[in-house]
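Because only heavy atoms are used, hydrogens play no part in the values below, and waters and symmetry mates are left out as well, while side chains stay in. Proteins get letters first, then strands, A, B, ... in listed order; numbering begins at 1 in each.
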Protein chains: 2
Amino acid sequence: MILPLRQQAEHVVVLRKLESIADLTQEDKQAILDLPVNVRIFEADTDIVRDGDSPTECCMILEGFTCRYKLLPDGKRQIMGFYIPGDIPDLQSLFLRTLDNNLGTFVRTRVAMIPHPFLRNLFRSHPRLAEIFWRDSLIEGAIFREWMVGLGRRSGYQRMAHLLCELQMRLRAVGLAEKNGYDLPLTQNEIGDALGLSTVHVNRILQELRSDGLIVLRGGALNILDWEGLKGAAEFDLTYLHFDSDHLAKQA
Amino acid sequence: MILPLRQQAEHVVVLRKLESIADLTQEDKQAILDLPVNVRIFEADTDIVRDGDSPTECCMILEGFTCRYKLLPDGKRQIMGFYIPGDIPDLQSLFLRTLDNNLGTFVRTRVAMIPHPFLRNLFRSHPRLAEIFWRDSLIEGAIFREWMVGLGRRSGYQRMAHLLCELQMRLRAVGLAEKNGYDLPLTQNEIGDALGLSTVHVNRILQELRSDGLIVLRGGALNILDWEGLKGAAEFDLTYLHFDSDHLAKQA
DNA sequence: CGAAGGCTTGATAGACCTCAAACACAGTGG
DNA sequence: CCACTGTGTTTGAGGTCTATCAAGCCTTCG
């Protein structure tokens, strides 16, 4: 059943996400909240869309934790990004007919599906919103690039620290992180698939981060003991997330 | 001095590039050729734009060979993509104020600079072209993702093979590759910066690819001896380049 | 012809992987 | 209530890929 986004409790998170990267007028917000969406629930460890699919709707994460990944012929997996509430990970399906990767869940996830025609109409009637979504997809590209730098040139230790910093900033932007940590429902194996490391090595790196007094990760909860230290270890510079200046001012 | 793009000999390559990823109407082509551009020449090994810049124009490569890269505090470099004639590598500057990476040349490069206002006007008057450029930036994202998979989960040997395959397809799409090779004006050190490998290791991998009878790379010219073998070694699947179906039909 | 940059080779070292097994813990069923 | 199971975590040992260091070689070019 299709209902306007405003009827979903989590619509707040969607607005927060967009406001973290751009200024929204009252009318912009209205238009977004009026979007007709189809809410679906995906269980943990299932695929939302798959490599080779040609979706006719875009999905917006309302609640849960998801990733984009590819599988190699030999069974290896590379996770290319994490998507949290407020994100629209397959906006690309609007302009790229066949998907070249999978979107999967880690936990039970609520998703708002928006049929392509509604989005196309929105972009036609609100060119400024089209620009904002374009901007969002460019920011996603910037995040890919930052990950590439990590995979190519940083140590496992640095990559891990960097990932934890990125998620802290992004989750906090939508109100889903505490000042010093957040829920991270990933196994060490899954973290390895994101960082290009083996499970064993992820485990050893986490111990090292712990013994350096930077973090504790246990039972799906990340506790950041030393934010400045973690940022330093990661050489983390949040420019690449391209937050809106107003958003940054508010956070500070 | 600002002149319409049509006055540049290389305007053909720009149209070829766009037609490789989308259908252009006669009017679309006109509008693009009418774009006022400012041609600039960059010597080899110079930066076109830099990390931290806030450009007021986008650049379109007319001739030459360039890359996007980041530098790490310790001096390490990661190249995140190569840009060839027809590409518009900093379209993102339209929507992301401050650049988070550098664009640099390898050889003397001719670039058409397009002031932002002209592009904004173009997109307003030709929404279909806006969609095509949006599509192009999404394809760039898809290329980033494919590189991430390589950096995270493929061996140096496979990554090298994959890079050579990608460039063959992209250069061929704009008429700059032969059936069995192309000019590749990169040092082994620069290739290493793209693949996340040391110069020494790049050298050894190239020898291996040669002794496997797949390629010869010498004096800036790549000769592909066994295309199927190279594709196989790379597990290369061109879906991620999202070429237009018409373009693929023509190539076949 | 000398200098500079890139290529090649050898030797050594380190980051990270694979394999294998033990451990911890939550959920299940008798 | 307690084995039993399954999944995830942890530890150890050995091996591989790739980095680093250092030197020699080759080509280009002023």
Side-chain angles (χ1 to χ4, degrees), chain A residues 43-46 65 72 74-79 105-108 149-163 183-212 215-223 233, chain B residues 43-46 65 72 74-78 105-108 150-163 183-212 215-223 233:
Chain A
E43 293 305 319
D45 301 309
T46 55
F65 204 89
L72 294 183
D74 62 359
K76 288 204 196 97
R77 174 162 91 146
Q78 178 67 44
I79 289 177
T105 65
F106 296 109
V107 294
R108 178 174 244 253
V149 174
L151 289 167
R153 292 301 189 195
R154 283 199 257 253
S155 68
Y157 185 89
Q158 287 181 297
R159 259 176 279 169
M160 174 76 73
H162 203 280
L163 173 62
D183 288 333
L184 186 63
L186 300 176
T187 65
Q188 295 181 359
N189 184 34
E190 289 159 347
I191 294 175
D193 284 342
L195 302 180
L197 298 172
S198 68
T199 311
V200 172
H201 203 58
V202 166
N203 184 277
R204 289 178 174 139
I205 288 172
L206 286 173
Q207 290 177 46
E208 215 180 325
L209 283 164
R210 169 144 177 52
S211 79
D212 289 346
I215 62 156
V216 181
L217 176 55
R218 223 184 42 211
L222 174 72
N223 197 348
Chain B
E43 293 306 318
D45 301 309
T46 55
F65 204 89
L72 294 183
D74 62 359
K76 288 205 195 97
R77 173 161 92 145
Q78 178 68 43
T105 66
F106 296 109
V107 294
R108 177 173 244 253
L151 289 167
R153 291 302 190 194
R154 283 199 256 253
S155 69
Y157 185 89
Q158 288 181 297
R159 260 177 278 168
M160 175 75 74
H162 203 280
L163 173 62
D183 289 332
L184 186 64
L186 300 177
T187 66
Q188 295 182 357
N189 185 34
E190 289 159 346
I191 295 175
D193 283 342
L195 302 180
L197 298 172
S198 68
T199 311
V200 172
H201 203 60
V202 166
N203 183 279
R204 289 180 173 136
I205 287 171
L206 286 173
Q207 290 178 44
E208 213 179 327
L209 282 164
R210 168 143 178 52
S211 79
D212 288 346
I215 62 155
V216 181
L217 176 56
R218 224 185 39 211
L222 174 72
N223 197 348

Inset, instruction - Provide, to the nearest angstrom, the distance between the CG atom belonging to A:Leu197 and the C1' atom belonging to D:dT16. - result: 16 Å

Legend entry - Residue-phosphate contact under 4.0 Å: B:Gln207 side-chain N/O, C:dC7 OP1/OP2: no

Legend entry - Rounded interatomic separation in angstrom, taking CG from B:Asp45 and C1' from C:dG6: 12 Å

Legend entry - B:Arg210 vs C:dT8: side-chain N/O to OP1/OP2 distance below 4.0 Å: no

Inset, instruction - Pick base, sugar-phosphate or nothing for B:Ser198, based on heavy-atom distances below 4.0 Å to the nucleic acid. - result: base

Inset, instruction - To the nearest Å, give me how far apart CZ (B:Arg159) and C1' (D:dT18) are. - result: 9 Å

Inset, instruction - Pick base, sugar-phosphate or nothing for B:Gly219, based on heavy-atom distances below 4.0 Å to the nucleic acid. - result: nothing

Inset, instruction - Figure out the CD1/P separation between B:Ile205 and C:dT8, and round it to whole Å. - result: 13 Å

Inset, instruction - Quickly work out the B:Lys76 NZ to C:dA15 P distance and round it to whole Å. - result: 11 Å

Inset, instruction - Measure the shortest side-chain to side-chain distance between B:Leu197 and B:Met160 over non-hydrogen atoms and say whether it is less than 4.5 angstrom. - result: no

Inset, instruction - Compare the minimum distances between each of C:dG10, D:dA19, D:dT11 and the side chain of B:Arg204, then state the nucleotide with the smallest one. - result: C:dG10

Legend entry - side-chain N/O A:Gln188 vs D:dT7 OP1/OP2, d < 4.0 Å: no

Inset, instruction - Please answer whether the main-chain N or O of A:Arg108 pairs with a side-chain N or O of A:Thr105 as donor and acceptor at a distance below 3.5 Å. - result: no

Inset, instruction - Determine the contact category for A:Gly196: base if any of its heavy atoms lies under 4.0 Å from a base atom, sugar-phosphate if only primed atoms, P, OP1 or OP2 are that close, otherwise nothing. - result: sugar-phosphate

Legend entry - Any B:Asn203 side-chain N or O less than 4.0 Å from OP1/OP2 of C:dC7: no

Inset, instruction - Kindly indicate whether the side chain of B:Val202, heavy atoms from C-beta on, has any atom under 4.5 Å from the side chain of B:Leu206. - result: yes

Legend entry - Any B:Lys76 side-chain heavy atom under 4.5 Å of A:Arg154 side chain: no

Legend entry - Integer-rounded Å distance: D:dT20 P and B:Asp74 CG: 9 Å

Legend entry - Side chain A:Arg159, main chain A:Leu195, donor-acceptor under 3.5 Å: yes

Legend entry - Rounded distance (Å) that lies between atom P of D:dC17 and atom CD of B:Glu208: 9 Å

Inset, instruction - Calculate the interatomic distance between A:Tyr157 atom OH and C:dG14 atom C1'; express it in whole Å. - result: 17 Å

Legend entry - Given D:dG12, C:dC7, C:dG10, the nucleotide with the shortest approach to the side chain of A:Val200: D:dG12

Legend entry - Touch class at under 4.0 angstrom, heavy-atom based, for B:Thr199 against every strand present: nothing

